[in-house]
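All remarks here apply to the structure that follows.
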Amino acid sequence: MTPTELSGALSAALAAAVADGTLQLPADAIPASVHVERPRQREHGDWATNVALQLAKKAGTTPRTLAEDLAARLGETRGIKSVDVAGPGFLNITLDAGAAGELARTIVEAGSEYGRTGTLAGQVIDLEYISANPTGPLHIGHTRWAALGDAMARILRAAGADVTAEYYINDAGAQMDRFGGSILARATGGEIPEGGYHGEYVKELAVKVLERRPDLPELPQDEAIAVAREEGYQLQLAEIREVLEGFGVHFDVWFSERSLHESGAVEQAVDRLREQGHVFDSDGAVWLRTTDFTDDKDRVLIRANGEPTYFAADAAYYLSKKDRGFPGKIYLLGADHHGYINRLKAIAACAGDDPQQNIEVLIGQLVNVGGAKLSKRAGNIIELRDLVEWIGRDAVRYSLSRYPADTPLELQGEDMLKQTNDNPVFYVQYAHSRTCAVDRNAAERGVRLEDAFDPSLLNHESESALLGRLTEYPRIVAQAAELREPHRVARYLEALAGDYHSWYNDDAKLRANPYPDEDVTDAHRTRLWLNDAVRTVLANGLDLLGVSAPERM
RNA sequence: GCGCCUGUAGCUCAGUGGAUAGAGCGUCUGCCUCCGGAGCAGAAGGUCGGGGGUUCGAAUCCCUUCAGGCGCACCA
């Protein structure tokens, strides 16, 4: 029996109580699905619900009276072993071992599909993250968004959403010219321009640019800057893409800001916003009246000198997303951009969208890694590339994925390297590889899944705890998708790994394999199903985080 | 000054109105003839920053206050 089925049984019991007049409740007060949860204490059964506490007042009765009535009705339900009323009116429900154990087979047969739901089916979402300027290497902050953003894309898809992951390349504007000027300076021994780039990587780029364009020093200044800028841009962008692919982060679309200017999309965006009635002229500049919505001041679209602002490109980009058929737009931004939330939402509103529905801006706080060496080449930052080389892809991704985006983070590099409980990624991966070791032994000793499955044999306390945990998985994934919180998947995997290790260690008799002098029994075979169900869920969950599930470590 | 984020065990952090607030590390005590001890079981450790309020019930929601971080461009 799944929590969904249980929830349905509770709704039915409520409806029955209303139907026979026991319960005086308006029809719209009956929840379509009753919330059930895993109680903290094992003595409180497999599932608990506070529905009686919530409805008692509306029904003009006491919580305990209502709870007792529901308990009596529910006691008849197949698959439910017992229902107790506890405390102020909680319903504590215990399932039949057989009904609970059936889940093991369900999971193994579902395989990689277990945990995939349709809770976000029909939603078409553009997910933009990282979007670092192509003027330098990716750093630790980008690494957090890379890990979180990619996990988010996978989790949203697991919930049935249609997700396009997008990287916005800020390849237009004065910053690019300073980048080109900096490369040129390194190539020719000139002065790095004001606001330019000083890192060692600029020298590396200069060397490569000179290899491609030995004529660079002879070109007129403006042309030389342009050549250095374009060559450097391509090299740097290529490095970013390569580093991200190596990190297991894949984008469906790399969107160039410059293309918005070149195609005329920026001017068109201004015109379209003007048609919507939110554009005005003042002091020689063209403005968007974002204060019509949530912004605290209006924003310039076209400067007095005729140049469009970065904000104008943002508006054009937003419209592009809208035009390309994405009702949902999620932006993952760093904390230093939180001032952008209101103006981005105002763009959506000015464009005729609903800022509550069509745009979500998620702000991630900063992260620091203690003990990390600072990159000399990039100017005293922690580079993604160095971090992965030092710590390893799995540990970096997992460590950054197991915290909510809005908590400031201070990680210790040494902890991420440890192969002990200090390091949750190893704890979870170890559990997975242990399930594989059990499988290998089973194969060797002739324990085969297809020979038997008797769920009523999974009646040990640690087995029911494990089954309870396994049954939560689809809801955890759906919830992580709904709330845009990938860390919930990681936290769940840690709890599952813990339950698995407990089961494994609980009692020497609870083995999926016989001792060498024993015969294979149905108990062994059935426990192997449970073992494999755990393996399946650990592998599925790790995959959502972009972390490998090793068979041996 | 205004706005956003954060404040939970010695440390790093979970906990989107429920029962005795949890995990890991660190500190103690136990558990290996046989599936991976990279593990497990237990103990100790808390005014959930402070103060009000909402309600059957608040770490969670509201107000206020203190502390820390970040942001308030015709920059990108």
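We name chains A, B, ... by the order of the sequence lines, and we start the count at 1 in each one. Since the model is a prediction, treat every value here as computed from it, not as a measurement.
Contact annotation for A:N133: backbone-only contact, meaning every heavy-atom pair under 4.0 Å involves sugar-phosphate atoms and none involves a base. Residue A:A304 is in base contact, counting any heavy-atom pair closer than 4.0 Å across all strands shown. Within 4.0 Å (heavy atoms only), A:M176 reaches no atom of the nucleic acid at all. Contact annotation for A:N513: base contact, defined as any heavy-atom pair under 4.0 Å involving a base atom. Here A:T135 lies out of heavy-atom contact (under 4.0 Å) with every strand.
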Query raised in the report: How does protein reach along nucleotides 11-21 of chain B, written 5' to 3' as B (base within reach of a heavy atom under 4.0 Å), S (only sugar-phosphate), or - (no contact)?
Result: -SSSSB-BB--

Query raised in the report: Which letter, B, S or -, goes with each nucleotide of nucleotides 39-46 of chain B from 5' to 3', with contact meaning a protein heavy atom under 4.0 Å?
Result: BSS-----

Taking only distance into account, with no hydrogens and no angle test, what donor-acceptor pairs under 3.5 Å do side-chain atoms of residues 280-288 of chain A form with protein atoms, sequence neighbours excluded?
| residue | atom | partner | partner atom | Å |
| --- | --- | --- | --- | --- |
| A:D281 | OD2 | A:R274 | NH1 | 3.2 |
| A:W287 | NE1 | A:S282 | O | 3.0 |

Atom pairs and distances, donor-acceptor, side-chain atoms in residues 405-413 of chain A, under 3.5 Å, two or more places apart:
| residue | atom | partner | partner atom | Å |
| --- | --- | --- | --- | --- |
| A:T407 | OG1 | A:P404 | O | 2.9 |
| A:E410 | OE1 | A:N368 | ND2 | 3.4 |

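In this structure, A:S433 contributes its side chain and A:E551 its backbone to no donor-acceptor pair below 3.5 Å.
Nucleotides B:C4 and B:A21 have their C1' atoms positioned 27 Å apart, rounded to a whole Å. Rounded to a whole angstrom, the distance from the P atom of B:A9 to that of B:A59 is 15 Å. B:G50 and B:C11 have their C1' atoms separated by 23 Å, given to the nearest Å. Separating the P atom of B:G17 from that of B:U60 is a span of 11 Å, rounded to the nearest Å. Separation of the P atoms belonging to B:C25 and B:U20 is 27 Å when rounded to the nearest angstrom. Between B:A58 and B:G52, the two C1' atoms lie 14 Å apart (nearest whole Å). Comparing the same atom, P, in B:G30 and in B:C62 gives a spacing of 49 Å after rounding to whole Å. A distance of about 12 Å separates the C1' atoms of B:A44 and B:G26, rounded to the whole Å.
In this entry the distance linking CG of A:D499 with C1' of B:A23 reads 12 Å, nearest Å. Nucleotide B:C25 holds its P atom 17 Å from the CD atom of A:E414, rounded to whole Å. Going from atom CG of A:D517 over to atom P of B:C35 covers 13 Å, rounded to whole Å. Across the protein-nucleic acid pair, A:I363 atom CD1 and B:C72 atom P stand 12 Å apart, rounded to whole Å. What separates CD of A:Q365 from P of B:G71 is a distance of 11 Å, to the nearest Å. At whole-Å resolution of the value, CD in A:Q412 and C1' in B:G24 are 14 Å apart. Between A:F280 atom CZ and B:C74 atom P there is a gap of 11 Å when expressed in whole angstrom units. For the pair A:D336 CG and B:A73 P, the computed distance is 15 Å after rounding to whole Å.
A:Y427 pairs by the ring pair (Phe, Tyr, Trp, His ring centres under 6.0 Å) definition with A:H501, not counting sequence neighbours.
Residue whose closest nucleotide on RNA chain B sits further toward the 5' end, between A:K418 and A:D439: A:K418. Along RNA chain B, the nucleotide nearest to A:N342 and the one nearest to A:D314 differ in position, and the one closer to the 5' end is contacted by A:N342.
Using a 4.0 Å cut-off between a side-chain N of Lys or Arg and a carboxylate O of Asp or Glu, A:R525 and A:E450 do not qualify as a salt bridge. For A:R488 and A:E485, the salt-bridge test passes: some basic side-chain N is under 4.0 Å from an acidic carboxylate O. Here A:K418 does not pair with A:E414 in a salt bridge; the nearest charged N to carboxylate O distance is not below 4.0 Å.
Each salt bridge (charged side-chain N to carboxylate O under 4.0 Å, His left out) pair with one or both residues in residues 172-183 of chain A, not counting sequence neighbours, appears once here: A:D177-A:R229.
Ring-centre distance between A:F255 and A:Y317: below the 6.0 Å cut-off. Here the two rings, on A:Y129 and A:W145, have centers that are 6.0 Å apart or farther. Annotation: A:H278 is in aromatic contact with A:F293 [ring centroid separation under 6.0 Å].
Ring planes of A:Y473 and A:Y492: tilted class, angle from 30 to 60°.
Checking B:G7 for Watson-Crick or G-U wobble geometry (two distances, each under 3.5 Å) identifies B:C66 as its partner. Summarising the base pairing, B:G71 is matched to B:C2 through a Watson-Crick or G-U wobble pair whose two defining distances lie under 3.5 Å. Nucleotide B:U27 forms a Watson-Crick or G-U wobble pair with B:A43, both donor-acceptor distances falling under 3.5 Å. In a base pair of the Watson-Crick type (N1 to N3 plus N6-O4 or O6-N4) or a G-U wobble (N1-O2 and O6-N3), with each distance short of 3.5 Å, B:G17 is matched with no nucleotide. Pairing for B:C48 is absent, with no Watson-Crick or G-U wobble pair whose two atom distances lie under 3.5 Å.
Checked against B:C35, B:A73, B:C70, the side chain of A:K297 finds its nearest nucleotide in B:A73.
For the pair A:R303 and B:A73, the criterion of a side-chain N or O lying under 4.0 Å from OP1 or OP2 is not met.
B:C32: glycosidic angle within 90° of 0, hence syn.
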